[in-house]
Amino acid sequence: MQNSLLISVLIVWLTASSAVLADETSVVARILQQDQGRSYGVMVGDMIHQRFVVEVKPPYSIIQSSLPQSGELNYWLELRDVAVSTKESDDRTLYLIDLKYQTFYAPLDVRTLTIPGIKLDFSAGEQRFQLHLPDWQFTMSPIKEITPGGVGNNNNAAAFMKAAIAPKTFSLDELNQRLGLLAAATSMVVIALLWLNGLLPKLGQSPFIGAARQIRRIKRRRHTAREDYLACLQSVHQAINQRAQTTVFAGQLDDFLAQFPQFSSLRDELTMFFRQSRDAFFMDKQPDPILINDCLDLCREMAAADKVTAVK
Amino acid sequence: MNQPTHASVPAMSDWHKLIQKTEQSINQTILGQEAIVRQMMIATLSRGHILLEGDVGVGKTTLLKTVAETLGGCFERIEGTIDLMPHDLVYYTYIAESGKPGVSPGPVLKHGDALSIFFFNEINRARPQVHSLLLRIMAERSVHAFNQTYHFPHLQVFADRNRIEKDETFELPAAARDRFMMELHVEQPKAEAQLKDLMFNPRFHDADKLVNSAEKAILPYQHLNDIAVQIQQQVKASSALQDYGFHLCRALREPGEYGIQISDVEVSKLIKGGMGPRGISYLARGARVNAWLNQREAIIPEDFHVIIKQIAKHRIFLNPVYDYNREQIIDALIAAALDTIASP
C-alpha cells in the first residue's frame, strides 16, 4: 500500500516535471538577460543603453528586418544605434542586441516615460516565432528649477546659468620626475657610448696631445714599417690642420705662424718637419728612424705651447 | 717673321738657363707681369695653348707678341673680326699681276710645319665658325686644305680677349675654352715705380719698338716638344701626390662630397660641368713643369696650387642660377677645395 502510494507520487512528479521540461523545450526564443541601466535620474540629452541577450533554438534565426531602424522614434526619443552580434553553438544561438537611445525630453518635474517594446521575429523555413522585448519605464529629472532662485532674477535664459565646473587637474609631478630621470639616464648612456667610440670632442685639449698619443702607440710596435713613419707624419699634419682649421702646406707655414704666434719659437722644428714630410711622401725617400721621436717631440712642444691646452 | 736659329739640341741642364734668360728678357720688356710670364712658360713647356684676358690697354697683345718673339719659330697673327671666316685662316685669293685670279696659303698654312706661334687677337670678336676651325688646329695641330692635311707639330696658340666689351662678340664655346690649357687674367702692374715707368719712360710708349727691343728666338722652338716629353718622364709623382691631385680635381667637380660649403650657394646643385680628363691632364703636366722649373725631381702639392686657378677656372661650368656671380663663386670654390683637401 505504502509502496503503491510512493510509486504514484513518483509518477505524478515525473509527469509534472516532464510537462515543465516539455514547455521549456517548446520555447523557441527567450530573453536570457536584459540590462536597461538606471531607471531614474535620467536627464535631457542622456544616452540610454539597453542590452538584451536572446537565446534562440535552432533552426530558428532572427529576421533582420524585424530589428528596429535607428532614427527618431518620437518627438523626444531617438534610437541612435542598433548593434546585433551572434554567438552560435550546437543547441542554441545567442543574440546580443545593443540599443542606444537618446532622450531629449526636458521635464519641468520628475516624469515617468516609457521606451516602447520591440517585437523580434524569428523564422525557421515556413515557421515563425515572435519575441517581445518589453517596454521600459523610467523617470526623467529636470536640469533646472521651474523659476530661478534669488531676488531680482529675471526669468530669462541667463538666469539659469550656473558656474562652469572647474576642470579637474591631475598632478604630473611624478611623471615629470620619471621623465627627468629617464632623460638623464639616456643622456649618460649616449655620452658613454660616444666616449667609448672616441667620438666625444676633446674640448679644450690641444690636437697635438691626440697626435702624440697616436705616435706613442705606433712607437710601441716592435717592427716599424715605412707606413708607420708615414702615419706619424700624417698624425702631425692632421693636428696642424685641425689647429689651423684649414689645410696647411709647407708654403703656408709663415701664415700659420702669423695666425698662431704661440708656435713661433718652433719655426725651425716645423720647417724641418715639413721637409721630412715632403721627402717621405712626395720624394719617396726612406724616412730616418729618428723621425718618430722627432714627431713625438714636436707634438709635445706644440701641445705645451698651445694656448688652448687644458691637459698636458 | 722669325726663322729658327737654334739647330743644336741643348742639354737638359741648359734648358733651365734658357728658360731663365727667356723670362728675364720678357720681364724687362713687359713690366710687372712676372707671375703671368711664369705661367706662360709653364704652358709652353707643357705644350698647352694660352688664352689671355683682361681690361683694355693692360698690355695683353704686347705681352703675347713679346713672348712669341722670344720663343722663336714662325709667328703668325690674325685679328678676330665679325666678318672673319674660317677660310681666311687657310687661304686668301687675289688678282695676280698677270690679271688672273690667284690663291695663296693663308696665315695658318703659310709656314707649313715651321709655324710655332699662332696669335689670335681679340678671339671673341670672331664667329663660332672660326672658333670651330680653331678647335681642330688646337686639338690636333693639323688642318685639312687643298686636298691634303697640314701638320703643325710645334704650334702653340695664343689668344686674347677683353672682357669689357660685349657688343658684337661671340662667347667662346665650352669645348673651345677647354682646349686652352690656361686662361690667364692680366691686370695692370700695381707697383708705383712700375706704373710711373710705364707712364713716363718713352721706351714703353711705342709698343712695336718695345717688342722689337726684346731678344728674339731665345728658345729653340723645334726642341720644345722633346723637352716637354722629357720633363713629363723625369719628374715623379708619388702615390700620395696622385691621391692629392685626384681628390683636388674631384672636389672641384663634386664639392658636396667633400663637405665644401660656400655662403649663399647650394653646393650640391652648383656644378654643371667641371675638370674633365683634358683639364686634369693639363694640371698634372703643368705641375710637373713647375716642379722642374723649381729644380725638383718630384711634384709637391704646391705645384698644383701655382696653376690650379689658371687651369681649372675656365673649365668649371656653373648652374645658370649662379652664373651671375661666377667669378667670385669659382674663386671661393677653388679656395675652399685647397683649404679642405689635405695632403698627405
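Source: prediction; values computed, not measured.
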Exceeds 12 heavy-atom contacts within 6.0 angstrom, atom CG of L175(A):
yes

Atom CG of N241(A) and atom CD1 of I341(B): how far apart are they, to the nearest 0.5 Å?
11.5 Å

If you draw a 6.0 Å radius around CD in Q261(B), do more than 12 non-hydrogen atoms from other residues or ligands fall strictly inside?
no

Does a sphere of radius 6.0 Å around CD in Q286(A) hold more than 12 heavy atoms from other residues, nucleotides or ligands, not counting ones at 6.0 Å or beyond?
yes

Among residues 267-280 of chain A, which ones touch chain B with a heavy-atom distance under 4.5 Å?
S277(A), R278(A)

Give a yes or no on whether K285(A) atom NZ has more than 12 heavy-atom contacts from other residues, nucleotides or ligands under 6.0 Å away.
no

Main-chain N/O of D284(A) paired to S238(B) side chain as donor or acceptor, under 3.5 Å:
no

Looking at E297(B) and M283(A), would you say the former's side chain and the latter's main chain have a donor-acceptor pair under 3.5 Å?
no

Polar side-chain atom of E302(B) near backbone of A250(A) as donor-acceptor pair, under 3.5 Å:
yes

State whether the number of non-hydrogen atoms from other residues, nucleotides or ligands found under 6.0 Å of K309(B) atom NZ is greater than 12.
no

For the ring pair F249(A) and Y244(B), is the centre-to-centre distance below 6.0 Å?
yes

Quick check: closest heavy atoms across D339(B) and T247(A), and the distance to 0.1 Å?
O-OG1, 2.5 Å

Enter the distance from R296(B):CZ to F282(A):CZ here, rounded to the nearest 0.5 Å.
10.5 Å

Should we say atom CG of D264(B) is surrounded by more than 12 heavy atoms from elsewhere, each under 6.0 Å from it?
no

May I ask you to name which of A240(B), A237(B), A336(B), S239(B) has the most heavy-atom pairs under 4.5 Å with chain A?
A240(B)

